[in-house]
Structure formats: structure tokens, C-alpha cells
Amino acid sequence: MSALAKQLESFTIEDVFRLPDGQRAELIDGELYMMAAPSLVHQRIIMELSFRIRAYIGRKKGACEVFPSPFAVFLNADHEIYVEPDICVVCDKSKLTDEGCKGAPDWMIEIVSPASRSMDYNKKLFKYRTAGVREYWIVDPMNLRVTVYHFEKDTFEEYSFIDKVKAGIYDDLEIDFSQISLE
């Protein structure tokens, strides 16, 4: 295949499904984005946040469910945009299938790594907002920052890892980032 033909190639969800076991990728606008193995700090943050969100939902006897990665999200309820967010919260159970989530989750959280920085702050921000995600958190352990986008209100806020960060989709959930261990 020529370089030009390869450049014009558009990938599909079938290409994602054909990847070897253990290889993960996301599909956005016909492009495959290969995913690197997450770091130890990345995994610690995912576990801490998932646990705290799940515990809150359990205490409130809420209907939403929290899913840490890897979890398949077909963002527009089709096979055109396929992502595996670090954490997603789904409140509409009709979106859940054996394959994953078909449609926009209510809350998405991405933990920034050096390889995902541009994707998390740019491409995913735009795709999540236009798909109907209600809230998007970008947790950046390298800069000790948390950026919270409230898409329903068209606002965003920035926090540090010493702050309590309020979840917009819940009235009384705050996560104290000073208690999130990075070591």
C-alpha cells in the first residue's frame, strides 16, 4: 500500500475488535489511537476515584453505576466513536449492554498521561461535550491539577490536588484530592 493510500485509510470498529488480546485502542473519526499501559500513579488515581464514587452511590442508594477502564463506550450510540475512558458514570441503564455503554455517559474522567495529554485536553473534550456528556473531569497528576467541565452549564473550574472537588451531577459529592495518594 502506498504512503498516500495508507494516509487516507479510515479505520472502523472492526479494526479495534481485531486487535490482539491485551492491545487497546480508541476510534475517533476513522483514526485509531493506540493506548499505552497506564502508570502506577494513573492506576492508583483510578482506583481511589472509582472507589469513592461507588461508595457515594451506594450510600445514597443511587441508580448510577461507575465503570473504571477498560470499559467500552460507543459515544454516539454507534460504532463511529469508541473510547475507553479511565472512569465513567452511567445513570441511564438503558445505555448499558454486554458490549459496554451505547451513548454518552453522564460523567467521564480521564487521568492525563504524557501520551494522552493532547487527546484528553482537546479531542476528547470536544467529542464528550458534543455527544451529551454532562460532566468531564481531566485529572492531571503531573501538574497536580483537576479541570472540571460542567457541559450543562457551559462552565469549567480548575482545582489543585489540595482541594475538594465537587461533582456537578450530584448535590453533595465532594472528592478531597488531598487524600488521594500518589505514592
Side-chain angles (χ1 to χ4, degrees), residues 13 16 24-29 31 33 35-36 38-39 41-57 62-97 99-113 115-143 145-159 161 163 165-171 173-175 177 180:
I13 194 65
V16 174
R24 295 174 46 218
E26 295 178 310
L27 174 68
I28 300 175
D29 299 332
E31 287 189 56
Y33 296 90
M35 300 172 71
S39 70
V41 167
H42 189 273
Q43 291 302 95
R44 282 183 175 143
I45 294 171
I46 288 174
M47 289 302 296
E48 286 285 334
L49 293 177
S50 296
F51 174 78
R52 291 165 194 263
I53 296 165
R54 178 65 193 113
Y56 171 85
I57 293 170
C64 302
E65 290 187 61
V66 60
F67 298 96
S69 66
F71 182 71
V73 174
F74 301 89
L75 199 53
N76 296 318
D78 58 25
H79 285 160
E80 299 298 314
I81 299 178
Y82 169 86
V83 293
E84 292 184 7
D86 291 317
I87 302 170
C88 70
V89 176
V90 180
C91 300
D92 181 351
K93 303 252 184 186
S94 72
K95 293 181 180 180
L96 297 174
T97 70
E99 284 186 301
C101 180
K102 301 276 182 142
D106 294 86
W107 182 9
M108 306 275 268
I109 301 173
E110 296 288 1
I111 315 303
V112 176
S113 65
S116 73
R117 179 168 297 286
S118 177
M119 184 79 114
D120 294 338
Y121 278 102
N122 297 299
K123 192 171 291 272
K124 286 185 177 181
L125 172 65
F126 175 75
K127 293 298 181 183
Y128 291 173
R129 183 181 68 223
T130 57
V133 171
R134 295 169 54 199
E135 184 167 347
Y136 176 40
W137 287 19
I138 301 174
V139 179
D140 189 338
M142 291 159 286
N143 294 313
R145 303 291 305 162
V146 180
T147 306
V148 176
Y149 293 91
H150 303 282
F151 294 136
E152 292 177 316
K153 299 175 189 173
D154 200 27
T155 63
F156 78 96
E157 299 166 318
E158 291 192 325
Y159 300 90
F161 270 42
D163 294 325
V165 180
K166 184 178 179 329
I169 70 166
Y170 295 110
D171 291 333
L173 172 59
E174 282 188 336
I175 296 177
F177 271 78
I180 304 288

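Keep in mind that what you see is a predicted model, and the values were worked out from it rather than measured.
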Does [Y] offer a backbone N or O that forms a donor-acceptor pair with the side chain of [X] under 3.5 Å?
{"X": "S116", "Y": "S113", "answer": "yes"}
{"X": "D163", "Y": "Y159", "answer": "no"}
{"X": "K102", "Y": "T97", "answer": "no"}

Count the heavy atoms belonging to other residues, nucleotides or ligands that lie under 6.0 Å from CG of N122, then report whether that count exceeds 12.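 Yes, enclosed.
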Are the side chains of [Y] and [X] in contact, using a 4.5 Å heavy-atom criterion?
{"X": "I175", "Y": "I53", "result": "yes"}
{"X": "T155", "Y": "Y149", "result": "no"}
{"X": "I87", "Y": "S69", "result": "no"}

[X] versus [Y], closest heavy-atom pair with distance:
{"X": "P105", "Y": "L75", "answer": "CD-CD1, 4.2 Å"}
{"X": "V90", "Y": "K95", "answer": "CG1-CB, 4.4 Å"}
{"X": "V73", "Y": "P85", "answer": "CG2-CD, 3.7 Å"}
{"X": "V89", "Y": "C64", "answer": "CG1-CB, 3.8 Å"}
{"X": "F161", "Y": "D140", "answer": "CE1-O, 4.0 Å"}

Rounded at 0.5 Å granularity, tell me how far NZ in K123 sits from OH in Y33.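 Rounded to the nearest 0.5 Å, the NZ-OH separation comes to 3.5 Å.
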Hey, could you give me the CD1/CD1 distance between I109 and I111, rounded to the nearest 0.5 Å?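 One finds 6.5 Å between CD1 of I109 and CD1 of I111.
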Please report, to 0.1 Å, the donor-acceptor pairs under 3.5 Å made by any side chain of residues 128-136, with sequence neighbours excluded.
unit_1, atom_1, unit_2, atom_2, d
Y128, OH, E110, OE2, 2.7
T130, OG1, F126, O, 3.0
T130, OG1, K127, O, 3.3
R134, NE, E152, OE1, 3.4
R134, NE, E152, OE2, 3.2
R134, NH1, D106, OD2, 3.1
E135, OE1, G168, N, 2.7
E135, OE1, I169, N, 2.8
E135, OE2, W137, NE1, 2.6
E135, OE2, G168, N, 2.9
Y136, OH, D120, O, 2.7

Could R52 and E48 be called an ion pair, given the rule that one side-chain N must be under 4.0 Å from one carboxylate O?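 Salt bridge flag = yes for E48 with R52.
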Qualifying salt bridge (charged side-chain N to carboxylate O under 4.0 Å, His left out) pairs with a residue from residues 81-94, counting only residues at least two apart or across chains: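 Qualifying pairs, neighbours excluded: R24-E84, E65-K93.
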Please check if the distance between the ring centroids of H150 and F156 is under 6.0 Å.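 For H150 and F156, the ring centres are not under 6.0 Å apart.
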Kindly check if C88 and C101 bring their SG atoms closer than 2.5 angstrom.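 No - the two cysteines, C101 and C88, have SG atoms at least 2.5 Å from each other.
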